[in-house]
Chemist: 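Provided herewith is a single structure, encoded as structure tokens, for subsequent inquiry.
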Amino acid sequence: MGDTIVIKFSAKDDFTRIAKKLDKSLGKNRRSFKQLDAAMGKSARKSTRASNTMSKAFGKIGKAFAGMAIAAVAAKVGMAGVKNVLTLEQQIARSLQNVRGTEEREMMRGKIRDTIISESDRSGKSREEVGEALFNQLSLQGSDDPIQALKNFVTNVTLATASTANLGATVEGVSKLQSNFASDLSAETGAEQIGAALFAAQQIGATDVQRLVEAMPGISATLSKSGVNPFESIALLATASVKLKNTDTAATALEDIYGTLFDTRALTSPDTFGMATSLDLPTGDEILDIEPTELLKAVGAAFKDNPAFFKKIFSTAPANKLAPLINDEFIATYNKAQSNIATDIANPEQGAVAVNFKEATSGILGADIQQKALKNKTLDAAGEALAPAMVSLTTAVVELTGRIGDINELEPGSEKTGAIMDLGKEWLAQLMFPMATALARSERDPLNITLDARANATAGTGGTGSMVLTP
């Protein structure tokens, strides 16, 4: 047994300071070893036993540094774990803002937690992204039926993952379509049907779920009151996107055409209204009694010989660009989109969303998702194990200093909570050493690394401790 090396520290020392003290102490011992080596002279250096003793001594000092490295890694994992748990709690607390009633909030707390964890693990999306999207889902639909809103959210995660669309945009877009077409959709299956329609429509080309889900809400109110149902609307937008090569431009064109002819907002003079009648253009409530294709066929046929009239009543260039392109090919593309949508809605388990979700979560892509889920589980375990100790030690420090107040009254994400986290890091770093000890002792020829951290709250002196290395 060699001399015991003692490194003393206090609660004010952070992890870096403790490491520096250890390095300084070991540095002194290295110098003493060098002096011993010089004193022994040439004959001592020839001794095999002396050589082995020196090698062993230096090897153990190297292991001390290895132990510090292990402790550093453990501290990093532990802090990341606490952050992971804190992030989850923040997202849960934020989502609960949209739930009323004490009993309902308590019931929803666990369901929200489970949903964030399961959907993050299932899709490979971060806790932050999933939590933010769930907050929006509950903001848009949670006041009516929070349980159904959670079910809709799971459906939207599946759609976003299968199509690689942004989850936040998917939640917002699908929820608004459900609202604008509420009379055409059931609360239970509306989200699933909208998702199926969006994915099936993108398969005719020139657009995708991301573009459709962002553009549709802006025109859905006009199309809905014109008697066009959600599936016809999605098929129309996808078809117009094929013709105009841009989904936003196509949305502008359809908004103008339907807004002009249904609301008759540009047919205010006797001349324009009379011209529309003479061209057999359906207007106003007449549009409610016909198929969307009938209106568009009438516009396409009349535009050929009367472009000046349409440029007078349509207020946007996209509408005047789309009108002459409404022909038999346009109608055939629309019918194809409608057929795709009807097939996938009737058979959701074999539909494009289900098929592509499976593709996105299997093979090498699935392995990546599983790796992210495993990382989250590991960090959760570390954070849940260490967070209570950190909170108890931090509470003791808060009681000593009186700087922050009652920790139980703190809200996640607040400035005071941030101060608590900073204050707790010094203590948490010290808590990591027992973890490092367990790892270090698994080696063949370990150092005995021990830690004694005592929080002397009653005496008001703070925490003191020492690390004892016994070569």
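For clarity, every value in this text was computed on a predicted model and none was experimentally measured.
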Chemist: Using side-chain heavy atoms (C-beta onward) and a distance below 4.5 Å, is L177 in contact with P230?
Modeler: no
Chemist: Of the options I92, I112, V171, V154, which is the one that meets L134 in a side chain to side chain contact (heavy atoms under 4.5 Å, CB included)?
Modeler: I112
Chemist: Would you say that F310 contacts V299 through its side chain, given a criterion of any heavy-atom pair below 4.5 Å between the two side chains?
Modeler: yes
Chemist: Please lay out, stage by stage, how L295 and I290 fare under the test side chain to side chain contact (heavy atoms under 4.5 Å, CB included).
Modeler: CA-CA 7 Å; L295 172 64; I290 63 175; 4.0 Å; yes
Chemist: State the NZ-OG distance between K111 and S118, to the nearest 0.5 angstrom.
Modeler: 11.5 Å
Chemist: For L322 and F330, work out which heavy atoms get closest and say how close.
Modeler: CD1-CE1, 4.0 Å
Chemist: If you count every heavy atom of other residues, nucleotides or ligands that lies below 6.0 Å from F309 atom CZ, does the total exceed 12?
Modeler: yes
Chemist: With sequence neighbours excluded, give me every salt bridge (charged side-chain N to carboxylate O under 4.0 Å, His left out) pair touching residues 327-341.
Modeler: K243-E329
Chemist: Between N166 (side chain) and A169 (backbone), is there a donor-acceptor pair under 3.5 Å?
Modeler: yes
Chemist: Look up atom CG in L281 and atom CD in E286, then write down how far apart they are to the nearest 0.5 Å.
Modeler: 10.0 Å
Chemist: State the CD1-CE distance between I313 and M275, to the nearest 0.5 angstrom.
Modeler: 9.5 Å
Chemist: With distance as the sole test, does T260 use its side chain to make a donor-acceptor pair with the main-chain N or O of I257 at under 3.5 Å?
Modeler: no
Chemist: For the atom pair CG (L325) and CG (L244), what is the distance rounded to the nearest 0.5 Å?
Modeler: 6.5 Å
Chemist: State, to 0.1 Å, how close A206 and S241 come at their nearest heavy-atom pair, and which atoms those are.
Modeler: CB-O, 3.7 Å
Chemist: Are the aromatic ring centres of F262 and Y258 under 6.0 angstrom apart?
Modeler: no
Chemist: Does the R105 side chain pair with the main chain of L96, one donor and one acceptor, at a distance under 3.5 Å?
Modeler: yes
Chemist: Does the side chain of E119 reach to within under 4.5 Å of the side chain of I116, using non-hydrogen atoms?
Modeler: no
Chemist: Over all heavy atoms of both residues, which pair between D344 and A352 is shortest? Give the atoms and the distance, please.
Modeler: OD2-N, 3.1 Å
Chemist: For side chain to side chain donor-acceptor pair (under 3.5 Å), just list the numbers for E192 and T155, CA-CA rounded to whole Å, side-chain angles, deciding distance to a tenth of an Å, and then say yes or no.
Modeler: CA-CA 6 Å; E192 182 180 66; T155 298; 5.7 Å; no
Chemist: Looking only at heavy atoms, what is the nearest atom pair of A196 and I345, with distance?
Modeler: CB-CG1, 4.1 Å
Chemist: Is it true that the side chains of T239 and T333 contain a donor and an acceptor less than 3.5 Å apart?
Modeler: no
Chemist: Show me the pairs that pass side-chain hydrogen bond (donor to acceptor under 3.5 Å, both in side chains) and involve residues 292-304, at least two apart or across chains.
Modeler: none
Chemist: Is a salt bridge present between D208 and R211, judged by a nitrogen-to-oxygen distance below 4.0 Å?
Modeler: yes
Chemist: If only atom types and distance count, is the side chain of T189 paired as donor or acceptor with the main-chain N or O of L185 below 3.5 Å?
Modeler: no
Chemist: Strictly distance-based, threshold 3.5 Å: is any side-chain N or O of N347 a donor or acceptor partner for the main-chain N or O of Q350?
Modeler: no
Chemist: What side-chain hydrogen bond (donor to acceptor under 3.5 Å, both in side chains) pairs are there with at least one residue in residues 175-185, not counting sequence neighbours?
Modeler: Q137-S175, Q141-Q178, E172-K176, N180-S220
Chemist: Quick one: CZ on F181 to CD on Q193, what's the gap to the nearest 0.5 Å?
Modeler: 13.0 Å
Chemist: L236 and L296: side chain to side chain contact (heavy atoms under 4.5 Å, CB included), yes or no, with the steps?
Modeler: CA-CA 10 Å; L236 281 177; L296 295 175; 3.3 Å; yes
Chemist: For E359, is the CD atom crowded, meaning more than 12 foreign heavy atoms sit under 6.0 Å from it?
Modeler: no
Chemist: Measure from the side-chain N and O atoms of D256 to the backbone N and O of F314, and report whether any donor-acceptor pair falls under 3.5 Å.
Modeler: no
Chemist: Drop me the distance from I234's CD1 to L198's CG, to the nearest 0.5 angstrom.
Modeler: 4.0 Å
Chemist: Any luck finding a side-chain donor-acceptor pair between E132 and N136 under 3.5 Å?
Modeler: no
Chemist: Compare every heavy atom of A201 with every heavy atom of L212, then report the nearest pair and how far apart it is.
Modeler: CD1-CB, 4.2 Å
Chemist: What verdict does the side chain to side chain contact (heavy atoms under 4.5 Å, CB included) test give for Y334 and I204, after you've listed the backbone C-alpha separation in whole Å, the side-chain angles of each residue and the deciding distance to 0.1 Å?
Modeler: CA-CA 9 Å; Y334 169 80; I204 66 170; over 6 Å; no
Chemist: Do T343 side-chain atoms and S339 backbone N/O form a donor-acceptor pair below 3.5 Å?
Modeler: yes
Chemist: Write down the atom of F303, the atom of A323, and the distance for their closest heavy-atom approach.
Modeler: CD1-CB, 3.5 Å
